[in-house]
Amino acid sequence: MMSPFTIAIDGPAAAGKGTISKAVAAHFDLAHLDTGLLYRAVGARMLQGEDPIAAAQTLAAGDLENPDLRTADVAQAASKVAVIPEVRASLLDFQRAFARRSGGAVLDGRDIGTVICPQAEVKLFVTASPEVRATRRLAELSDNGFKTDFETVLADVKARDDRDMNRADAPLRPAEDAVIIDTSDLDVEAAIAAAVAAVDARRRA
Ligand code: DC
């Protein structure tokens with residue numbers, strides 16, 4: 001059995017974590033878990049009237065297939081349920097087990113390097129300015145047929161940053177040994193190349 005090899009990728013909303021994580025997982029042939037989806041699935045069930053703690057405790061694979069998980073409303077709901085310690089605790093074991101699966105894994109989220117996998121072999125913190133992130137998110141939402149504007153998206157990004165960084169339990173922050181990748185001035189290819197280079201450098205060290 002190959003020894004587990006975990007890459008933790010954290011950062012704020014719309015910094016490019018998702019794209020980078022998928023590409024890094026494909027490059028190194030590792031499984032990938034977008035942990036934001038877990039919080040989004042709980043948030044979606046809260047929006048349907050369920051208690052978020054009960055939703056987190058009974059989360060099932062089918063909840064992750066909900067086509068609404070990418071909407072702005074679900075993103076805000078995810079960030080709200082993510083403040084609740086019982087919700088975070090319910091999702092912990094699944095994430096840790098995924099991280100140590102044989103063959104290795106990439107997990108992306110907010111607290112992977114700090115709380116979920118402090119022993120991860122490689123930690124990246126992917127960030128960008130709020131304006132750049134809002135511009136990218138606006139383009140993504142427009143591509144998916146959602147009508148909105150820059151100011152609304154920027155306000156959403158900042159509200160989520162504020163909630164994610166200032167909560168008491170597992171706030172968003174770089175692990176001490178994380179490599180910071182600021183994608184503000186990088187295109188997709190350059191951002192992926194920077195991440196792959198950072199992983200290679202850590203693996204050699
Ligand atoms: O990565 P995302 O935008 O899909 O995440 C949605 C929300 O879920 C995010 O605003 C905060 C929460 N989240 C978290 O608290 N911890 C994680 N590891 C991943 C996401």
Side-chain angles (χ1 to χ4, degrees), residues 6-25 32-47 52-53 55-56 59 63-99 105-118 120 123-128 130 132-141 144 146 148 153-175 178 181 183 191:
T6 310
I7 302 178
I9 304 186
D10 291 304
K17 281 191 314 289
T19 306
I20 289 176
S21 301
K22 281 194 206 89
V24 165
H32 170 229
L33 177 65
D34 169 1
T35 66
L37 273 188
L38 304 174
Y39 294 90
R40 285 171 183 261
V42 174
R45 281 175 56 176
M46 179 182 75
L47 292 177
I53 297 175
L59 205 65
D63 289 319
L64 304 181
E65 325 250 290
N66 179 345
D68 295 337
L69 295 186
R70 292 283 162 211
T71 63
D73 285 350
V74 171
Q76 289 297 338
S79 159
K80 286 178 190 161
V81 302
V83 169
I84 306 169
E86 290 87 345
V87 167
R88 307 199 70 82
S90 295
L91 303 178
L92 191 77
D93 287 347
F94 176 76
Q95 295 175 81
R96 286 205 176 136
F98 191 97
V106 178
L107 281 81
D108 77 88
R110 301 291 186 289
D111 63 338
I112 308 304
T114 50
V115 174
I116 305 294
C117 306
K123 299 174 191 173
L124 306 181
F125 192 86
V126 178
T127 188
V132 165
R133 291 187 282 126
T135 303
R136 290 181 189 156
R137 183 48 57 90
L138 180 63
E140 191 181 297
L141 289 168
N144 289 317
F146 297 105
T148 180
V153 178
L154 181 62
D156 267 15
V157 161
K158 287 184 171 171
R160 213 134 68 85
D161 281 0
D162 185 52
R163 213 180 288 116
D164 294 348
M165 293 191 296
N166 294 311
R167 68 184 176 220
D169 193 13
L172 169 66
R173 59 176 176 76
I181 299 179
T183 67

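Order of appearance sets the numbers: ligands from 1, and atoms from 1 within every ligand.
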Do Thr183 and Arg136 get their side chains close enough for a donor-acceptor pair, meaning under 3.5 Å?
yes
Heavy atoms only: which of Pro171, Ala82, Gly11, Ala75 lies closest to atom 12 (C) of ligand 1?
Ala82
Would you mind listing every salt bridge (Lys or Arg N to Asp or Glu O under 4.0 Å) that reaches into residues 9-19, with sequence neighbours excluded?
none
Heavy-atom nearest pair, Pro12 first then Thr127, reads CG-OG1, 3.7 Å
Would Arg88 count as a contact of ligand 1 if the rule is a heavy atom under 4.0 Å away?
yes
Has Arg167 got any heavy atom lying under 4.0 angstrom from an atom of ligand 1?
yes
Would you name the heavy atoms of Pro52 and Met46 that are closest together and state the gap between them?
CG-SD, 4.0 Å
From Asp108, Ile112, Asp34, residue fulfilling side chain to side chain contact (heavy atoms under 4.5 Å, CB included) relative to Ser21:
Asp108
Could an N or O of ligand 1 be found under 3.5 Å from any N or O of Asp164, whether backbone or side chain?
yes
Counting heavy atoms only, name the option from Arg160, Arg137, Lys80 that's nearest to atom 3 (O) of ligand 1.
Arg160
Identity and separation of the nearest protein heavy atom to atom 8 (O) of ligand 1:
Tyr39 CB, 3.4 Å
Heavy-atom closest pair, residues Leu59 and Leu38
CD2-O, 3.9 Å
Residue pairs passing the salt bridge (Lys or Arg N to Asp or Glu O under 4.0 Å) test with at least one member in residues 157-171, sequence neighbours excluded, are Arg110-Asp164, Arg133-Asp161, Asp164-Arg167
Using a strict cut-off of 4.0 Å, indicate which atoms of ligand 1 neighbour a heavy atom of Ala78.
6 (C), 7 (C), 8 (O)
Check this for me - ligand 1, Gln95, N or O atoms closer than 3.5 angstrom, yes or no?
no
Can you find an N/O atom of Arg110 closer than 3.5 Å to an N/O atom of ligand 1?
yes
Any N or O of Thr35 that comes nearer than 3.5 Å to an N or O of ligand 1?
yes
Subset of ligand 1 atoms that lie under 4.0 Å from at least one heavy atom of Arg40:
2 (P), 3 (O), 4 (O), 6 (C)
Would you name the heavy atoms of Tyr39 and Val81 that are closest together and state the gap between them?
O-CG2, 3.7 Å
